[in-house]
Amino acid sequence: MKMDFDEDDLSSFTDLDDNGFPVSSSVDVESHGEEVEGEMSLPVGDVCSSTSDFAIDFYLSGTNWSELVRDEGDEVPKNGEKVKKALVQRDLFQVWGISKSSKRPGVSNPSTPKKRQRSVIDDFASGSALVGERKGAECNGRSRPHSCPFYKKIPGTSFTVDAFRYGAIDECSSYFLSHFHYDHYGGLSKKWSHGNIYCTDLTARLLRSCLSVNPQYIFPLEINAEHVIEDIKVTLLEANHCPGAALILFRLKDGKCYLHTGDFRASKSMQLYPSLANHHINLLYLDTTYCNPKYSFPSKDDVLAFVVRTTLKFLSKQPKSLIVVGAYSIGKEPVYLAISQALGVPIYANASRRKILQSFGWPDLSKKLCSCTESSPLHVLPLSCLRYENLKEYLKTCKQQFQTVLAFRPTGWTYSERTASHLDLIRPVIKGDVTIYGVPYSEHSSFTELREFVKFLKPEKIIPTVNAGNAANRARMQSYFKEWLKV
DNA sequence: GCGATCAGTT
DNA sequence: CACAACTGATCGC
């Protein structure tokens with residue numbers, strides 16, 4: 001496989017703009033000085049006025065940025081020289097999914113534009129970017145697999161992170177998987193053959209047991225240890241997300257140091273990770289899921305305590321209650337572990353979930369699992385089952401044992417300013433003998449946790465990996481970053 | 001019938 | 001009300 005990225009990839013760009021996006025020239029990137037207050041909206045034009053063409057294009061478009069190329073006639077940069085010319089899309093219409101047959105008025109010419117077409121850009125900037133992309137992709141009559149977005153690639157390497165749904169990625173020989181959630185491993189199956197997969201040992205087991213990925217491609221990496229892969233030092237760190245989730249630190253030969261957070265919940269204890277405390281981070285790929293001050297929620301411990309005391313209180317009034325906790329495949333285990341602990345009861349889970357939970361290799365969890373619904377008043381069910389009708393039916397199946405259901409739906413964030421600081425203000429939905437609590441047990445960082453993490457890490461540049469699909473969000477997050485990194 | 005992708009759900 | 005993270009339906013072969 002050809003290994004140089006220089007011709008048409010981003011890794012040859014050593015300069016990054018204020019947002020961590022590569023710049024292709026010495027365009028002025030001076031600050032435009034706005035401070036962000038709450039929900040203020042930044043006009044797109046302002047954001048672009050001081051950034052490179054590359055960043056302009058990024059801000060105004062959807063998220064498929066891997067197809068940016070240097071304009072024809074550009075020369076490969078020589079040592080010490082910066083590329084002078086702007087980048088252009090190979091084919092804006094194709095990349096953004098607007099085809100000949102598009103129903104959009106005024107977009108009938110699919111020929112490769114050499115310059116950005118304002119009318120099209122405006123459509124995207126006005127918020128229809130992702131919709132347009134999706135619709136466009138299918139109105140060809142056949143859906144084209146999207147190409148890997150640049151923010152999943154690690155510059156100066158042949159590495160990608162959480163990029164399995166794009167088939168074989170040009171110039172990528174090592175595929176990192178941050179954790180075992182569908183939106184990150186999507187594309188992995190027993191047919192995977194595009195390259196080596198690196199992940200934690202726990203994630204590796206899940207790839208084998210749940211997805212039947214061919215073990216010859218799976219390379220588990222011990223956590224907290226430095227590994228050398230293709231001449232690059234790689235360290236996985238506990239991400240405080242779901243079991244097996246890792247932050248990934250890359251240290252390149254040229255001294256550059258990049259941290260990809262995957263999905264994570266920033267915590268104070270991360271400031272004690274030696275590899276984070278001791279290395280200057282040039283570029284941070286940040287899980288920006290809740291990068292907005294409106295997202296505020298309690299610590300996990302506070303939520304666990306709330307769940308336990310709510311359960312005990314409920315049981316004191318309704319001793320013959322079934323306790324149900326909703327959960328996706330993996331994640332949120334501490335919620336039912338805490339209840340199990342407090343009540344001294346085992347945890348019922350169906351066979352497929354037991355298989356997954358057993359594979360964690362956590363003795364404390366494994367020994368609490370039971371396979372018979374009658375063996376415990378504590379059941380773990382798919383989140384999709386936590387609806388009144390389902391739970392009512394479920395209760396009927398064990399009516400002789402239980403009279404009521406108390407269910408917890410651990411979501412990332414519940415829409416209520418008040419419950420953020422006052423858990424006891426959370427009100428359940430009660431219908432007949434079914435009571436359902438939504439609890440803000442989050443495995444992503446809150447806004448303030450993100451801020452503290454970034455202020456600690458002081459990365460040179462930040463690339464948001466979540467909610468970066470529309471220009472307004474990117475502009476807003478960019479302003480937060482600028483504020484946090486002010487000296 | 002199967003895997004990939006999209007649309008819908010909580 | 002927003003989210004993450006599915007799950008089920010549809011599509012192309």
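Keep in mind that what you see is a predicted model, and the values were worked out from it rather than measured. Every chain is numbered from 1 and lettered A, B, ... according to where its sequence line falls, protein lines coming before strand lines.
- Applying the side chain to side chain donor-acceptor pair (under 3.5 Å) criterion to S178(A), with sequence neighbours excluded, gives D162(A).
- In this structure, L383(A) and N467(A) both approach DNA chain C, and ranking their closest nucleotides by distance from the 5' end singles out N467(A).
- Look at S384(A) and you won't find any side-chain N or O under 4.0 angstrom from OP1 or OP2 of dT9(B).
- Neither side chain, S359(A) nor S209(A), offers a donor N or O lying under 3.5 Å from an acceptor on the other.
- Legend: salt bridge (charged side-chain N to carboxylate O under 4.0 Å, His left out) pairs involving residues 205-220 of chain A, not counting sequence neighbours, sorted by first then second residue: D201(A)-R205(A).
- Among residues at least two apart or in separate chains, there is no salt bridge (charged side-chain N to carboxylate O under 4.0 Å, His left out) pair with a member in residues 214-224 of chain A.
- Remark: the E449(A) side chain and the S446(A) side chain contain an N/O donor-acceptor pair separated by less than 3.5 Å.
- Taking atom OH on Y185(A) and atom C1' on dT7(C), their separation rounds to 11 Å, with Å as the unit.
- For the pair H444(A) and dA5(C), the criterion of a side-chain N or O lying under 4.0 Å from OP1 or OP2 is met.
- Secondary-structure annotation of DNA chain C gives the stems B:1-10 with C:4-13, with a stem taken as at least 3 successive Watson-Crick or G-U pairs whose two distances both fall under 3.5 Å.
- Look at NE2 on H184(A): it is 15 Å from P on dC3(C), rounded to the nearest Å.
- Here the P atom of nucleotide dG3(B) and the CZ atom of R165(A) are 18 Å apart, to the nearest Å.
- Of the side-chain N and O atoms in Y295(A), one or more sit less than 4.0 angstrom from OP1 or OP2 of dC3(C).
- With sequence neighbours left out, N467(A) forms a side chain to side chain donor-acceptor pair (under 3.5 Å) with no residue at all.
- Considering only residues two or more places apart in sequence or on other chains, N214(A) meets the side-chain contact (heavy atoms from CB on, under 4.5 Å) condition with Q216(A), Y217(A).
- Shown here are the ring-ring contact (aromatic ring centres under 6.0 Å, His included) partners of H184(A), two or more places apart in sequence or in another chain: H179(A).
- Regarding contacts with the backbone of dC2(B), every side-chain N or O of K191(A) stays at 4.0 angstrom or more from both OP1 and OP2.
- The distance between atom OH of Y290(A) and atom P of dA2(C), rounded to the nearest whole Å, is 13 Å.
- The shortest distance between the side-chain N/O atoms of H181(A) and the OP1/OP2 oxygens of dC3(C) is not below 4.0 Å.
- Using a 4.0 Å cutoff on non-hydrogen atoms, the parts of residues 322-330 of chain A near DNA chain C are Y328(A), S329(A), ordered by number.
- Partners of D183(A) according to the side chain to side chain donor-acceptor pair (under 3.5 Å) rule, which considers only residues two or more places apart in sequence or in another chain, do not exist here.
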